Amino acid sequence: MSQPLTHNCLNCQEPLYHDFKLHYLWQFKKVLFPVLCLSCQQKFDCLEKIYQDKKNGCHLCGLLLSDDATEDALTRKYHHDGQLICYHCKHWRTKYPIELIRHQAIYPHNELIQDWLSSFKDKGDIMLGYIMAEKLGKIYKQYKNYLWVVLPNSKELLEQRQFHATGLLLDFADIPYTCPFNYVGDGKKQTMKEGTERTELIQPFEVNTEEIKEASILVFDDNYTTGTAIIHAKSALAKTYPEKIIKSITISR
Ligand SMILES: [Zn+2]
Ligand SMILES: [Zn+2]
């Protein structure tokens with residue numbers, strides 16, 4: 001989907017000054033004009049760097065972990081096979097093979113990402129989806145041979161929101177994708193509190209196609225909270241396609 005030209009930073013509304021000469025020079029090549037001012041771009045870039053520094057992150061999902069044992073259980077450090085992992089991964093490790101648990105996120109889910117996501121998704125300011133277009137375009141180059149898939153929304157959510165958030169992010173980034181699932185869940189948001197095992201019993205997705213040609217599948221979602229949705233989706237795919245490589249990526253964790 002071609003990106004509209006924006007005259008103000010999509011994050012802070014500061015005016016943007018575009019270099020149109022650049023557009024002229026590269027007229028045969030697709031040019032993405034910036035949608036963020038330099039300072040906002042830096043905020044997103046710094047956040048991404050924090051996540052690439054794996055020293056203090058969960059070995060399997062990248063979640064930033066804390067040394068302080070009195071911290072919230074979710075960011076506490078756990079050890080598994082000599083590796084540092086998080087609470088959720090420790091939990092999933094008891095139920096699923098490691099390949100289904102490994103996950104990549106682009107950003108930690110901090111205030112910046114939370115605000116962006118809630119304005120885009122919940123308030124419906126869809127233009128904000130273009131903030132991720134360039135980043136996703138770069139990631140697409142690494143996963144060009146993968147079939148990108150998104151998770152289905154419940155009918156109620158889709159009616160309420162009027163757009164499919166993750167599908168729209170991929171449309172904006174010109175990434176082809178499909179949704180090979182039927183949603184068979186109850187529409188309730190799934191949460192996983194410490195000690196609760198209810199959620200992993202409910203498989204909300206059913207694979208509805210047997211015609212995936214690609215050898216590898218990449219499940220794309222906006223945020224990885226507990227991993228419930230992503231891991232269920234990957235496990236449903238793995239059941240139908242046990243021979244395929246199945247990976248997952250989200251904007252945030
Ligand atoms: Zn800005
Ligand atoms: Zn983890």
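The structure presented is a predicted model; accordingly, all values stated were derived computationally and were not measured. In each ligand, atom 1 is the first atom listed, and ligand 1 is the first ligand listed.
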Is there a donor-acceptor pair closer than 3.5 Å between any side-chain N or O of [X] and the backbone N or O of [Y]?
| X | Y | result |
| --- | --- | --- |
| E134 | I131 | no |
| H88 | T228 | no |
| R76 | C86 | no |
| K77 | L65 | no |

**Item:** Angle in degrees, rounded to 10°, that SG of C9 and SG of C37 form at the Zn ion (ligand 1)
**Value:**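 It rounds to 120°.
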
**Distance flag, aromatic centroids of F33 and Y130, threshold under 6.0 Å** =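 No.
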
Using a cut-off of strictly less than 2.8 Å, determine whether [X] has an N/O/S atom near the Zn ion (ligand 2).
| X | answer |
| --- | --- |
| C58 | yes |
| C61 | yes |
| H59 | no |

**Request:** Taking the Zn ion (ligand 2) as the vertex, measure the angle between atom SG in C89 and atom SG in C86; round to 10°.
**Result:**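 The two atoms form an angle at the metal of about 110°.
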
